[in-house]
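Protein chains get the first letters and strands the later ones, always in sequence-line order, with residue 1 at the start of each. Scope of the values below: all heavy atoms of this structure, side chains included, with no hydrogens, waters or symmetry mates. Note that the coordinates shown come from a computational prediction; the quantities given were computed from them, not determined experimentally.
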Protein chains: 2
Amino acid sequence: MFGLPLRALRSVSHYSTVAPKQLFPTKTIKSLLADNQPKDTEVLLRGWVRSVRKQKQVCFAMVNDGSTLKGIQAILNEDDAKNLSVAFRLSTGACVELKGLLSDSPGQEQAKELQVDAVRVLGECDNSYPLQKKRHSLEFMRNLGHLRARANTGSAVLRVRHAASEGLHQFFASQEFILTNTPILTSGDCEGGGEVFKVTPGSATPSTQDEFFKKPVYLTVSGQLHAEIMASAFSRVYTFGPVFRAEESVTSRHLAEFWMLEAEMSFIDQIDQLLDVTEASIQHTTRHVLDTCAEDLAFFNQWTDKTLLDRLHKSIEKPFARMTYTEAIDVLQRVQDKEKRFEFPTVWGSSLQSEHERYLASEYCGRPVFVTDYPANLKPFYMRTNNDGKTVGCFDLLIPGVGELVGGSMREERLDVLTQKMELAGMNVEEYGWYLDLRKYGSAPHGGYGIGFERLLLWLTGLENVREVVPVPRWVGHCKY
Amino acid sequence: MFGLPLRALRSVSHYSTVAPKQLFPTKTIKSLLADNQPKDTEVLLRGWVRSVRKQKQVCFAMVNDGSTLKGIQAILNEDDAKNLSVAFRLSTGACVELKGLLSDSPGQEQAKELQVDAVRVLGECDNSYPLQKKRHSLEFMRNLGHLRARANTGSAVLRVRHAASEGLHQFFASQEFILTNTPILTSGDCEGGGEVFKVTPGSATPSTQDEFFKKPVYLTVSGQLHAEIMASAFSRVYTFGPVFRAEESVTSRHLAEFWMLEAEMSFIDQIDQLLDVTEASIQHTTRHVLDTCAEDLAFFNQWTDKTLLDRLHKSIEKPFARMTYTEAIDVLQRVQDKEKRFEFPTVWGSSLQSEHERYLASEYCGRPVFVTDYPANLKPFYMRTNNDGKTVGCFDLLIPGVGELVGGSMREERLDVLTQKMELAGMNVEEYGWYLDLRKYGSAPHGGYGIGFERLLLWLTGLENVREVVPVPRWVGHCKY
């Protein structure tokens with residue numbers, strides 16, 4: 001009985017179940033292009049016209065269905081009068097069904113082309129269509145949120161998002177983590193400070209707003225504390241879902257709603273084990289995206305960031321750098337003494353600012369770097385106090401060009417130490433009785449980390465603004481639809 | 001270049017990427033039990049004591065790490081004085097590390113047992129631990145939300161949840177769907193009626209609450225409209241995430257926060273294609289859970305619902321039943337004429353009530369049944385009007401014992417018909433300009449459906465209350481932690 005589930009979990013292709021048959025009558029363009037079909041196979045395809053070039057005797061239409069970046073070039077000849085009359089209705093944006101022969105293309109731009117026998121316009125597209133065949137700015141496209149996935153950047157980034165999500169699930173399955181869904185609605189607000197969103201029934205008045213749940217309720221800023229509940233039962237768990245911050249500053253790194261991958265694991269007792277898992281999860285996901293989104297990454301490498309592919313390949317070839325906060329401060333202080341380049345202080349005990357993080361990742365290390373063991377007073381109550389009494393077992397992963405991509409820590413598993421830290425932080429210890437119970441009843445050494453999914457996507461695409469990597473982004477002043 | 005991505009997508013084990021190496025030094029109990037190890041292998045395991053039986057010369061401890069239902073029986077002998085002194089600290093709930101020889105068990109209860117050489121108590125557990133070795137009621141456990149995953153039902157249901165989630169992702173990958181994340185924060189509230197939650201910054205006052213987004217913002221009740229944006233670019237998409245309803249009634253079927261799988265696909269134009277995909281996604285997920293959670297399902301079959309395994313196996317062996325609303329009304333009317341058993345009307349044009357749905361699924365069909373083509377005036381504006389002008393191309397999937405598990409429809413893709421329907425429904429057409437644009441610019445025939453994930457889990461476990469199948473449930477009056 002045990003054989004099946006285990007094999008299912010342990011190998012990466014952990015799906016023991018029989019493959020479902022193909023249910024759709026038309027293949028995607030991705031499938032058509034990849035199939036090693038015999039020459040001149042008759043195929044049926046459906047998609048949207050990206051561009052049309054009409055010549056006297058022939059009409060070329062690039063057709064895309066979202067499965068690949070480039071699509072397929074369809075060729076409609078004058079000979080077929082029926083086609084020609086349709087060709088006039090073929091315009092950029094139109095939705096079409098084409099039947100024809102797929103053959104190797106003599107052109108440079110595409111591997112295959114479709115000699116069309118029959119065409120059906122499923123949905124016309126008039127001249128007011130805002131996406132024409134030219135490069136539009138990212139800002140222009142952001143204001144056309146409901147159409148931007150029909151253009152190259154907008155579709156490439158969401159295919160990468162899909163692949164990155166798949167790569168993460170795949171990694172955690174391979175390490176026998178259980179996927180859990182921590183709640184979005186929460187009555188705890190210890191991490192959010194003032195920047196939380198409050199949730200009330202739409203029909204409530206100011207005086208009845210807390211009646212629904214009998215207490216004030218907020219949108220979660222992190223699933224960590226809830227994930228710790230699950231790690232104390234399943235050993236290794238992860239949660240992957242939206243988190244929220246009522247962040248008022250408008251920057252290229254902040255959204256009101258974004259996704260976090262949070263992993264929590266019992267029975268690790270060294271920060272280095274945590275770094276090993278973090279590094280492997282990022283590297284595996286990077287590798288998976290390189291493997292499955294080669295065309296999209298080549299596009300970003302050409303148009304967005306010419307160092308992208310080189311940078312990604314290097315990042316999976318060797319381990320990330322590792323240094324303690326204390327070592328980092330040493331490095332920064334030496335640079336500061338010599339060059340006076342930093343605006344903010346570089347003395348032990350002060351926070352690392354963006355300028356410091358940028359220097360460490362982009363210049364000093366030239367690759368992703370883990371900075372570990374920060375001073376306790378810079379970090380939240382739940383991080384485990386090191387033996388030196390003044391630092392905690394935690395880390396930030398700093399990435400060239402992106403900044404902080406991951407944060408994690410060993411969690412304080414000692415009941416007495418944790419209680420003391422909570423009291424010191426001025427928390428209502430009674431309200432966190434459930435959290436202390438996890439230490440009171442069979443406490444396990446444990447730790448975890450959280451990956452900002454949108455920041456990971458910046459790293460994987462070379463894009464600079466998180467608003468580009470979310471299907472429908474929300475930030476201060478912006479909640480369209 | 002295209003070869004890799006395609007192979008990656010088309011086969012069910014769609015992961016072309018190299019498997020990450022095993023990063024954890026200890027195997028889970030699931031792995032240990034499944035490995036075909038040579039006899040008497042020395043192993044290390046970590047977990048929590050579920051029960052202890054102390055005899056004069058020997059101490060038996062059932063140890064569980066959440067990876068399986070049963071765990072491993074550890075045997076500590078008196079001979080080892082060190083062990084015995086520890087044994088006194090071994091109590092239910094304690095967290096332990098054990099080293100010893102794994103061998104076949106002579107006992108009936110477990111396949112293997114561990115002859116312990118060395119034991120380390122990582123976290124003690126005192127007598128106040130509320131989970132002792134006996135059956136606790138589901139209500140009792142629900143009030144111990146932070147500990148219930150340490151008991152059999154609580155852990156089994158979350159392993160099934162993990163497997164069902166995996167099965168769904170696997171199914172949609174096999175059919176070349178792109179995973180997209182539709183937003184949680186939304187400024188549209190057309191589907192929620194009065195039962196939406198409103199979101200405001202925690203620091204806002206009644207007069208400033210709508211300033212953050214410059215408009216009122218709500219928690220989503222469905223990602224469908226946003227998923228339609230993505231289907232108009234990627235052909236086939238799905239989204240899987242939390243949705244919210246400020247539902248005030250306390251029933252075993254309603255939560256304030258629950259998960260929905262919503263799929264949306266372009267280029268289908270028959271309701272039957274939609275039913276085919278829906279059926280295949282449910283059947284595949286059921287099959288995957290049967291394959292990977294055999295032990296957990298056997299547990300539920302024994303303790304929760306003795307018809308479970310039989311029912312699940314039957315449901316994947318043959319297609320679900322299909323009937324139109326009109327046929328369903330015929331059936332119900334005939335029964336009503338004969339038996340007068342229904343409280344609510346059974347005339348054409350009236351809603352199907354729970355009593356009707358229960359009769360159709362549990363008695364008349366005795367298996368899952370799709371009811372299709374409801375009267376237009378019972379359904380929302382976006383459903384596609386059938387040629388008869390009075391019904392719409394939609395369906396509910398009714399499941400014995402659970403009720404409505406899935407709802408879906410063809411979407412109205414004709415710009416003029418849709419505009420008219422929105423005006424009829426009294427909607428602000430201008431505000432939905434973006435939605436109409438999807439019809440104006442290259443409209444494709446399309447449809448989609450949504451699976452209530454918690455209801456699917458009721459179906460898969462035989463449990464009766466949705467609060468049992470969520471890691472941390474939220475409903476009216478309840479938002480602990």
Considering only heavy atoms, which portion of [X] lies under 4.5 Å from any heavy atom of chain A: side chain, backbone, both, or neither?
X	value
B:I268	side chain
B:S128	both
B:S165	side chain
B:W475	backbone
B:P25	side chain
B:L131	neither
B:H478	backbone
B:A94	backbone
B:R46	both
B:P206	side chain
B:R236	side chain

Which residues pass the side chain to side chain donor-acceptor pair (under 3.5 Å) test with A:E413, not counting sequence neighbours? A:R384

Mind checking what makes side chain to side chain donor-acceptor pair (under 3.5 Å) contact with B:R474, not counting sequence neighbours? none

Given that the side chain runs from C-beta out, which part of [X] has a heavy atom under 4.5 Å from chain B: side chain, backbone, both or neither?
X	value
A:L290	neither
A:F244	side chain
A:K215	side chain
A:V277	both
A:E97	neither
A:P242	side chain

Check against side-chain contact (heavy atoms from CB on, under 4.5 Å), B:F234 and A:L158: CA-CA 9 Å; B:F234 294 105; A:L158 294 187; 3.6 Å; yes

Taking [Y]'s backbone N and O only, do any of them form a donor-acceptor pair with [X]'s side chain (distance below 3.5 Å, no angle check)?
X	Y	value
A:T186	B:Y481	yes
B:W48	A:G442	yes
A:Q175	B:K21	yes
A:E195	B:G202	no
B:E257	A:I184	yes

Determine, step by step, whether A:K480 and B:W434 satisfy the side-chain contact (heavy atoms from CB on, under 4.5 Å) criterion, reporting the C-alpha distance in whole Å, the side-chain angles of both residues, the deciding distance to 0.1 Å, and the verdict. CA-CA 10 Å; A:K480 225 172 167 180; B:W434 62 275; over 6 Å; no

Can you give me the closest heavy-atom contact between B:P471 and A:N181, atom names plus distance? CG-O, 3.4 Å

With no hydrogens and no angle check, do the side chains of A:S31 and B:E176 hold a donor and an acceptor under 3.5 Å apart? yes

